[in-house]
Amino acid sequence: MSELEVEVTHCGYIAIVGRPNVGKSTLLNHILGQKLSITSRKPQTTRDQILGVKTEGHVQAIYVDTPGLHLGETKAINRIMNKAAAAALKDVDVVLFVIDADRWTEEDESVLQKVKHARCPVILVVNKVDQLDQKEDLLPRLANLSDRMSFAQIVPISALRNNNLDRLERLVESYIPEGTQFYPEDQITNRSSRFLAAEIVREKITRQLGQEVPYEVAVQIEEFVYEESAIHISALILVERNGQKRIIIGERGDKIKLIGKEARIDMENLFQHKVMLNLWIKIRSGWSDDERALASLGYQEE
């Protein structure tokens with residue numbers, strides 16, 4: 001390349017939106033080829049916007065994984081989650097609207113009404129096609145979905161099985177404008193190591209306990225110290241009631257030991273370093289509907 005030649009680069013933001021539990025975080029993790037967003041069968045696992053950065057040559061795609069847009073905003077944390085998801089539709093270059101292949105719900109319709117106002121191409125991503133009982137139902141289903149809005153494209157995928165993601169990424173790339181890349185090519189997120197550690201602990205709680213512990217669980221990292229031999233991490237688990245604390249601890253402490261073990265393994269894989277993890281549980285009644293408490297935990301209304 002001569003001194004007068006300048007490599008043309010592309011950079012753009014892609015919002016991943018949809019109702020809770022349609023596979024948005026799984027989609028992001030598989031696109032990145034690395035676990036970044038926490039996943040669970042429990043809806044509304046994601047509470048914040050999380051940026052996932054994928055740079056391939058001259059193209060940098062910045063994916064915004066969002067909380068699931070849902071009906072009902074009874075608590076402050078629900079309002080904050082909905083605002084975070086809706087805010088992701090502003091100032092992006094592409095929207096990926098993710099739905100389940102086997103059903104269309106009232107919440108899907110609510111998300112549709114929001115994405116109709118997006119000022120950029122909207123790609124409808126029909127996820128979990130591998131779970132359809134009758135594969136021949138897919139084409140009529142896609143035709144029906146195309147009547148709901150003039151989507152830029154409709155792409156059937158299975159995020160979990162990595163099916164058709166290459167095609168989806170090529171489509172996304174075609175909409176990314178020329179521009180300066182914002183992140184170094186080896187950076188995959190804008191989030192701190194402390195944030196990612198807290199999310200990993202929260203994921204293990206939701207995966208281990210399922211419906212036993214509702215949404216009144218938060219994780220706060222109180223210590224994160226790099227040493228040559230290990231990273232020392234202390235995580236505070238906040239719950240609202242004593243019964244929730246007992247459930248997380250489990251009989252003879254078996255549950256919290258398992259949560260800690262699984263979280264430590266994921267952290268070591270992510271940080272590529274030995275991790276010494278300590279978990280503590282504290283009862284803070286009403287934190288999920290207390291805006292000051294939420295602010296102290298990093299949940300801010302825009």
Side-chain angles (χ1 to χ4, degrees), residues 14-33 35-46 52 54 61 63-72 81-82 85-86 88-89 92-118 120-176 203 206-207 210-211:
I14 305 97
I16 305 175
V17 301
R19 63 174 170 81
N21 216 27
V22 290
K24 299 182 296 298
S25 295
T26 300
L27 173 61
L28 176 61
N29 290 339
H30 280 270
I31 286 174
L32 296 177
K35 185 170 182 175
L36 180 63
S37 282
I38 68 173
T39 59
S40 168
R41 292 188 178 184
K42 190 173 181 180
Q44 300 175 28
T45 306
T46 302
K54 184 167 185 177
Y63 291 89
V64 187
D65 185 22
T66 65
L69 282 158
H70 55 282
L71 300 174
M81 287 163 63
N82 268 357
L89 294 172
V92 295
D93 300 290
V94 189
V95 172
L96 301 183
F97 175 19
V98 185
I99 65 169
D100 274 351
D102 64 347
R103 64 186 182 278
W104 180 271
T105 71
E106 188 180 357
E107 287 182 313
D108 291 316
E109 184 65 34
S110 177
V111 179
L112 176 67
Q113 298 310 312
K114 290 181 171 66
V115 302
K116 280 183 176 180
H117 299 292
C120 63
V122 177
I123 299 174
L124 182 65
V125 180
V126 184
N127 193 21
K128 306 178 186 178
V129 294
D130 55 307
Q131 296 180 15
L132 287 174
D133 292 330
Q134 304 294 328
K135 304 303 181 186
E136 61 270 19
D137 291 343
L138 180 59
L139 287 178
R141 175 125 177 85
L142 297 181
N144 178 266
L145 290 168
S146 68
D147 293 335
R148 295 184 180 273
M149 176 181 163
S150 181
F151 296 106
Q153 299 280 348
I154 299 178
V155 184
I157 68 163
S158 170
L160 186 62
R161 302 191 182 281
N162 230 6
N163 183 358
N164 217 23
L165 296 194
D166 286 346
R167 181 188 168 210
L168 178 61
E169 287 191 74
R170 288 195 301 271
L171 281 172
V172 167
E173 185 175 321
S174 71
Y175 292 114
I176 294 177
E203 178 193 57
T206 57
R207 282 184 167 234
Q211 300 300 321

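The structure presented is a predicted model; accordingly, all values stated were derived computationally and were not measured.
- Looking at S25 and D65, their side chains come closer than 4.5 Å, going by heavy atoms from C-beta outward.
- Note that CG of L145 is 7.0 Å distant from CZ of F151, once rounded to the nearest 0.5 Å.
- The side-chain heavy atoms of L132 and D137, taken from C-beta on, include no pair separated by under 4.5 Å.
- One finds the NE2 atom of H30 at 13.0 Å from the CG atom of L168 (value rounded to the nearest 0.5 Å).
- A distance-only check finds no donor-acceptor pair linking the side chain of R167 to the backbone of V155 [under 3.5 Å].
- The two residues S158 and D130 have their closest heavy-atom pair at OG-OD1, 2.9 Å.
- Ring planes of W104 and F97: perpendicular class, angle over 60° (limits at 30 and 60°).
- Summarising the geometry, atom CG belonging to L171 is positioned 11.0 Å from atom CG belonging to D166; distances are rounded to the nearest 0.5 Å.
- Remark: side-chain polar atoms of R161 are not paired, donor with acceptor, to backbone N or O of K128 under 3.5 angstrom.
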- Task: Carefully, step by step, assess L165 and I157 under the rule side-chain contact (heavy atoms from CB on, under 4.5 Å).
- Result: CA-CA 7 Å; L165 296 194; I157 68 163; 3.7 Å; yes
- Item | Steps toward side-chain contact (heavy atoms from CB on, under 4.5 Å) verdict (Y63, L96) | CA-CA 10 Å; Y63 291 89; L96 301 183; 4.2 Å; yes
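- Between V115 and V17, the closest side-chain pair of non-hydrogen atoms falls below 4.5 Å.
- Taking all atoms of both residues into account, the shortest heavy-atom contact from C120 to V95 is SG-CG2, 3.7 Å.
- To the nearest 0.5 Å, the span separating CG on L27 from CG on L32 amounts to 9.0 Å.
- With salt bridges taken as basic N to acidic carboxylate O contacts below 4.0 Å, one links E109 and R148.
- For A61 against I176, the heavy-atom pair with the smallest separation is CB-CD1, 3.8 Å.
- Taking a cutoff of 4.0 Å between a charged side-chain nitrogen and a carboxylate oxygen, D100 and R19 qualify as a salt bridge.
- Rounding to the nearest 0.5 angstrom, the gap separating the CD atom in Q134 from the CG atom in D102 is 12.5 Å.
- Not a single donor-acceptor pair under 3.5 Å links the side chain of N127 to the backbone N or O of V98.
- Although no hydrogens or angles enter the test, the distance criterion places a donor-acceptor pair under 3.5 Å between the side chain of D108 and the main chain of T105.
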- Show the numbers, then the answer: is there a side-chain contact (heavy atoms from CB on, under 4.5 Å) between V22 and V125? CA-CA 10 Å; V22 290; V125 180; over 6 Å; no
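- In this structure, CG on L124 lies 8.0 Å from CG on L142, to the nearest 0.5 angstrom.
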